[in-house]
Amino acid sequence: DVNDRIDMALVGFNPDTGNPEYQFINISKYKMWNISSVNQFRKNNLTVNVGASIIGVSQKIENQIFTSDDKFLYSFNLNSSVSYTIPNWKTIFSAYYKHNGKSQQFVEGTSEYLISEIDASNWLDATVLKRFFNEKLEATIGVRNLFDIKNINQTRTSETAGHATSSEVLMAYGRSYFVKLTYNLNF
């Protein structure tokens with residue numbers, strides 16, 4: 001439970017760029033609860049991690065201009081990873097998955113803050129790690145955001161401050177690739 005929490009509310013979109021614009025708001029009463037579980041399973045060279053959480057949030061705004069109700073809003077999140085090691089090759093293949101459940105955000109209406117829903121999204125990364133020179137050098141190559149997620153839908157964005165806008169909100173810049181080299185000095 002938190003009194004007088006500062007948060008951000010969507011107040012509109014920049015007419016030139018289409019980017020969302022936010023404003024700091026005072027949440028009079030903020031309550032949150034979270035139930036989560038993390039589990040790991042191993043069999044020979046295979047490791048599987050699975051985690052899940054259910055989150056409930058209640059936010060009450062009371063000021064001279066805007067008000068809101070204080071009902072609890074819920075979201076479900078899931079994350080997992082799978083890795084397989086090939087000892088003879090000194091190589092690990094890994095995949096990381098995250099499901100962000102539907103969430104909520106305040107948006108500015110004409111006389112009150114409205115609850116906007118942000119659609120669920122899924123994220124998948126994959127890497128290959130190879131060790132060299134008695135495990136002093138590690139090379140990792142990978143892909144982030146394999147599903148190439150860029151935008152997700154958000155409700156009620158066209159009701160904010162009289163702006164008629166798209167219901168898609170930028171989440172990420174899309175798929176990317178990386179290479180990482182690590183050298184262990186062993187001092």
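N184 places none of its side-chain heavy atoms less than 4.5 Å from the side chain of E135. Counting heavy atoms from C-beta on, the side chains of Y183 and L181 never come closer than 4.5 Å. K29 is listed as a side-chain neighbour of N3, based on a closest heavy-atom distance under 4.5 Å. Using a 4.5 Å heavy-atom cutoff, the side chains of N77 and H99 are not in contact. Side-chain contact between F178 and T140: present, with at least one pair of heavy atoms (C-beta onward) separated by less than 4.5 Å.
The two residues Y74 and G56 have their closest heavy-atom pair at CD2-CA, 3.7 Å. Minimum interatomic distance between Q154 and S116 (heavy atoms only, all atoms of both residues): CG-OG, 2.9 Å. The two residues Y30 and V57 make their nearest non-hydrogen contact at CE1-CG1, 3.6 Å. Taking every heavy atom of both residues into account, A172 and N145 meet most closely at CB-ND2, 4.0 Å. When all heavy atoms of I6 and F24 are compared, the closest pair comes out as CG2-CD2, 3.7 Å. I152 and S121 make their closest contact through CG2-CB, 4.0 Å (heavy atoms, listed as atom of the first residue, atom of the second, distance).
The CG atom of N34 sits 5.0 Å away from the CE atom of M32 when rounded to the nearest 0.5 Å. Here the OG atom belonging to S176 is positioned 8.0 Å from the CG atom belonging to D125, to the nearest 0.5 angstrom. Interatomic distance, CD1 of I149 versus CG of L124, reported as 10.0 Å (0.5 Å rounding). Going from atom OG of S75 over to atom NZ of K102 covers 11.5 Å, rounded to the nearest 0.5 Å.
With sequence neighbours excluded, no residue forms a salt bridge (Lys or Arg N to Asp or Glu O under 4.0 Å) with K31. Under the rule for a salt bridge (Lys or Arg N to Asp or Glu O under 4.0 Å), R175 has no partner lying at least two apart in sequence or in another chain.
By the neighbour-count criterion of 12 heavy atoms within 6.0 Å, atom NZ of K130 is densely surrounded, having more than that number from other residues, nucleotides or ligands. Sparse packing is recorded around CZ of R144, with 12 or fewer heavy atoms of other residues, nucleotides or ligands lying under 6.0 Å away. The number of heavy-atom neighbours closer than 6.0 Å to CG of D4, taken from other residues, nucleotides and ligands shown, is above 12.
Both F147 and Y177 belong to a common hydrophobic cluster when Ile, Leu, Val, Met, Phe, Trp and Tyr are linked at side-chain heavy-atom distances under 4.5 angstrom. There is a path of hydrophobic side-chain contacts, each under 4.5 Å, that joins V128 to V179. Both F76 and Y97 sit in one connected hydrophobic cluster of ILVMFWY residues. Membership requires side-chain heavy atoms under 4.5 Å apart, directly or through other members.
Proximity of a side-chain donor or acceptor of T127 to a complementary backbone N or O of I141 within less than 3.5 Å is not detected.
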Enumerate donor-acceptor pairs with a distance under 3.5 Å from any side-chain N or O in residues 78-96 to protein atoms, sequence neighbours excluded.
from	atom 1	to	atom 2	distance (Å)
S81	OG	N49	ND2	3.1
T91	OG1	W89	O	2.9

